[in-house]
Q: 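Here it is: the structure, laid out below.
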Amino acid sequence: MTEYERSRTMPAQPEHVFDEAANVGRLDSWLPEALHVEAGQLPAVTVHEDRTDEDTSALFRARPDQMRLEWGTRDQGEYAGWLQVAGLDGGASEVTVHLSFFDDGHDPGEQAVTDALDTSLRRLEEQVRLHVDHAAG
């Protein structure tokens, strides 16, 4: 099993960050660009990966009381992950995302995963800024 974790501080209230991250209809706006999520009857989702052109049955759970998202493959047990939002002083948030690959054949490698996690966190911050600025304006 291989695990990866990245964090990013975002200048927004944790509730705003969590609400944006947990919105199933907008996951594509911040997930790696090669992944697309289609919600079924939650927690069931289908993840399409452009790189392999395959659909995978997965689960996606939001736990608002814990400010936590959890996901993973449903039948194959290839990977799982979570995203945790924590409030910081001054109205900022720290977002941590963690991935576990249980099958080395599905692990794209450290550089690819850390780049994807960093990019996803940056894209999530951009989406949070867009929605918070829009709500304030």
Q: Hey, mind stepping through V45 and E38 against side-chain contact (heavy atoms from CB on, under 4.5 Å) and telling me if it holds?
A: CA-CA 6 Å; V45 296; E38 182 179 318; over 6 Å; no
Q: Using the rule that Ile, Leu, Val, Met, Phe, Trp and Tyr join whenever any side-chain heavy atoms are under 4.5 Å apart, tell me whether L35 and F101 fall into a single cluster.
A: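 The answer is yes; both residues are in one hydrophobic cluster.
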Q: State, yes or no, whether a side-chain contact exists between V95 and V17 at a heavy-atom distance under 4.5 Å.
A: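 Yes - at least one pair of side-chain heavy atoms lies under 4.5 Å apart.
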Q: Is there a donor-acceptor contact under 3.5 Å from the side chain of T73 to the main chain of E78?
A: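 Looks like yes, one N/O pair under 3.5 Å.
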Q: Has R129 got a side-chain atom pairing as donor or acceptor with M10's backbone, closer than 3.5 angstrom?
A: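 It does not hold such a pair.
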Q: Indicate, with yes or no, if L88 and L124 share a hydrophobic cluster defined by side-chain heavy-atom contacts under 4.5 Å among Ile, Leu, Val, Met, Phe, Trp and Tyr.
A: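 Unlinked, L124 and L88 end up in two clusters.
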Q: Mark yes when over 12 heavy atoms from residues, nucleotides or ligands other than D89 sit less than 6.0 Å from its CG; otherwise mark no.
A: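 Open.
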Q: If hydrophobic clusters are built by linking Ile, Leu, Val, Met, Phe, Trp and Tyr wherever their side-chain heavy atoms come under 4.5 Å apart, do V113 and F102 end up in the same one?
A: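 No, V113 and F102 fall in different hydrophobic clusters.
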Q: Counting distance only, does the side-chain N/O of R68 pair as donor-acceptor with the main-chain N or O of W82 below 3.5 Å?
A: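 It does not hold such a pair.
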Q: Is it the case that over 12 heavy atoms from other parts of the model lie below 6.0 angstrom from the CD atom of E126?
A: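 Atom CD in E126 is packed in, count exceeds 12.
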Q: Determine whether more than 12 heavy atoms belonging to other residues, nucleotides or ligands lie under 6.0 Å from atom CD of E49.
A: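 Count over threshold, so yes.
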Q: For the residue pair Y79 and D103, confirm or rule out a side-chain donor-acceptor distance under 3.5 Å.
A: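 No pair is found: no donor N or O on one side chain lies under 3.5 Å from an acceptor on the other.
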Q: Going by atom types only, do E3 and H98 share a side-chain donor-acceptor pair under 3.5 Å?
A: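 Yes - a donor-acceptor pair under 3.5 Å links their side chains.
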Q: Looking at CD of Q127 and CG of D28, how far apart are the two atoms once the value is rounded to the nearest 0.5 Å?
A: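 Reported value, rounded in 0.5 Å steps: 10.5 Å.
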Q: Counting distance only, does the side-chain N/O of Q84 pair as donor-acceptor with the main-chain N or O of Q66 below 3.5 Å?
A: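 Yes; at least one donor-acceptor contact below 3.5 Å.
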Q: With hydrophobic residues grouped by side-chain heavy-atom distances under 4.5 Å, do L59 and V24 end up in a single group?
A: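 No: no chain of side-chain contacts under 4.5 Å links L59 to V24.
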Q: Between E125 and R8, does any side-chain N to carboxylate O distance fall below 4.0 Å?
A: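 Judged by the 4.0 Å cut-off on N to carboxylate O distance, E125 and R8 do form a salt bridge.
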Q: Are F18 and L69 packed together at the side-chain level, in the sense that at least one heavy-atom pair is separated by less than 4.5 angstrom?
A: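 F18 reaches L69 side chain to side chain.
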